[in-house]
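Note sheet for the following structure.
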Amino acid sequence: MTARVRTYEPDRDFLRVRDFLNATYAAFPMPYNWGLERWNYARYFVAPMLGSEGTEPGTPPGSLSAIRLWEDMVRLWEDDAGQIVGVTCIEHPDPTNPGYGEIFIQRHPDHADLIEEMVAVGEEVYIDPKRNRTHMWTFDGDDDLNAVLKARGYVRKEEAVSGFLEYRFGKVQELRLPQGYRLRTMEEEIDIEKRREISGRGFNHEDPKDWPSAFSYQELMRAPDYRKGHDLFVVAPDGSYAACAIVWYDAVNKIGHLEPLATHPDHRRKGLAEQVLWEGVRRLKAEGATWMPLGGAFEPFYRAIGFQEVATQHGWIREFAAHPMKT
Ligand SMILES: CC(C)(COP(=O)(O)OP(=O)(O)OC[C@H]1O[C@@H](n2cnc3c(N)ncnc32)[C@H](O)[C@@H]1OP(=O)(O)O)[C@@H](O)C(=O)NCCC(=O)NCCS
């Protein structure tokens, strides 16, 4: 069967790609494709955030152009019947971001034949123009993709290694927060200012200019798979927010995802991240989820609380002498 590549039409394709990711997530020995949380988060949070960190009210033009750039870069492959059989995309639509130049390919188990073409298209469209390079993360056991990368001149970076972890849901303990701390969700309390502050401070950004803008947080809340009751935070005794986590439910595969999780530096090592995560797990489990995968995460924390490493991923880089379109 042949497959043709085309550009992405946001209104028509966002949910079609989400459904393709759901349909293929469990089709490989490891999740080679993104889960629905990453697809939602890239479009509805990372793009608007990179385009408008800071405090501007309203609809910052920077956010809209970053969203547009992200959308312009998605490519879809469809078969003769019009079904999606492959997708390429990026995660950081900002050429100054260190993640720029990264290629993500989302594929169909019956179409290993498209991998080479998807990587080639990714190189043309996503190359970092300043550093003339593209990079990817792959599972060590992903022989089809790793063989293509090797043949195309990618070098595996031994130091760029990351564990892929999972947690199989068992009995989840009762909520145990330190005295004076309370757990809330966006269902009970919506304070965008405090919520964006903990999103920034939790990732060690002290300057409010580096926090996600109010607009980007509102965009996130519009993501099709976002649920207010899955957006959790811990309120400190003084009323500020001390930790936060968002969980996402993939009902097709009965999987709970986590993106993101963070604790304010002043409140770390009090068990808050662990507690907010277990509360998310409790909610996901009640809906039917049976496990949680986790890639590219801060491993010491997750290992300490019981996640198991089940695979390893490595970064691969290809350096180009010049832009591939110009060679
Ligand atoms: C990782 C992070 C969420 C942990 O938050 P926290 O509220 O301090 O974590 P907890 O107090 O619940 O830690 C539970 C256990 O995890 C382990 N742990 C937590 N932070 C750790 C660290 N920096 N190094 C090693 N182990 C750590 C410990 O075993 C800890 O138990 P202990 O304090 O009794 O030893 C926090 O450091 C953070 O927000 N970092 C920046 C954002 C980030 O990296 N988020 C995760 C991205 S996937």
Side-chain angles (χ1 to χ4, degrees), residues 31 34-42 45-46 49-50 53 91-92 97-99 102 104 137 160-167 170 172-185 194-208 210-212 216-217 220 226 230-238 240-248 255-284 291-313 315:
W34 280 8
L36 88 174
E37 88 295 354
R38 206 159 175 184
W39 179 245
N40 276 264
Y41 203 69
F45 188 65
V46 180
M49 178 191 69
L50 290 177
E53 284 168 310
E91 196 171 35
H92 297 96
N97 190 285
E102 197 162 23
F104 291 96
W137 281 88
V161 58
S162 165
F164 185 82
L165 313 181
E166 64 175 37
Y167 181 76
V172 186
Q173 315 150 359
E174 289 306 304
L175 189 63
R176 281 198 314 244
L177 286 170
Q179 195 167 7
Y181 288 84
R182 290 169 293 135
L183 191 132
R184 291 284 179 274
T185 73
K194 286 185 182 172
R195 191 63 185 80
R196 72 185 192 86
E197 177 174 353
I198 184 59
S199 300
R201 293 295 278 122
F203 282 90
N204 304 317
H205 300 297
E206 287 188 25
D207 188 338
D210 298 329
W211 300 346
S216 58
Y217 213 87
L220 172 62
Y226 171 92
H230 285 176
D231 187 341
L232 310 130
F233 50 91
V234 175
V235 185
D238 68 0
S240 64
Y241 291 1
C244 60
I246 304 178
V247 294
W248 306 77
I255 295 173
H257 292 281
L258 174 70
E259 181 69 86
L261 169 75
T263 300
H264 191 295
D266 295 348
H267 299 275
R268 287 188 185 154
R269 303 307 283 261
K270 294 181 174 179
L272 300 184
E274 182 171 356
Q275 290 301 317
V276 77
L277 171 58
W278 292 144
E279 180 59 28
V281 167
R282 218 178 338 269
R283 286 166 186 252
L284 291 164
W291 67 290
M292 177 176 280
L294 210 71
F298 175 66
E299 294 162 31
F301 164 75
Y302 292 100
R303 286 209 181 96
I305 66 168
F307 279 66
Q308 304 288 323
E309 181 169 333
V310 291
T312 309
Q313 294 174 296

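In listed order, ligands and their atoms are each counted from 1.
Within 4.0 Å of ligand 1, protein heavy atoms come from G202, F203, L261, A262, T263, R268, R269, K270, G271, L272, A273, E274, A297, F298, P300, F301, Y302, A304.
Between H267 and Y181, the ring planes are perpendicular. Angles over 60° get that label, and only those under 30° would be called parallel. A tilted orientation is assigned to the rings of F45 and Y41, their planes being inclined by 30° to 60°.
Look at E299 and R303 and you find a salt bridge, because one of the NZ, NE, NH1 or NH2 atoms lies within 4.0 Å of a carboxylate O, short of that distance.
When all heavy atoms of T263 and A243 are compared, the closest pair comes out as OG1-CB, 3.7 Å.
Side-chain atoms of Q313 do not come within 3.5 Å of backbone N or O of S162 as any donor-acceptor pair.
Here salt bridge (Lys or Arg N to Asp or Glu O under 4.0 Å) pairs that include residues 260-284, with residues two or more places apart or in two chains, are E279-R282, E279-R283.
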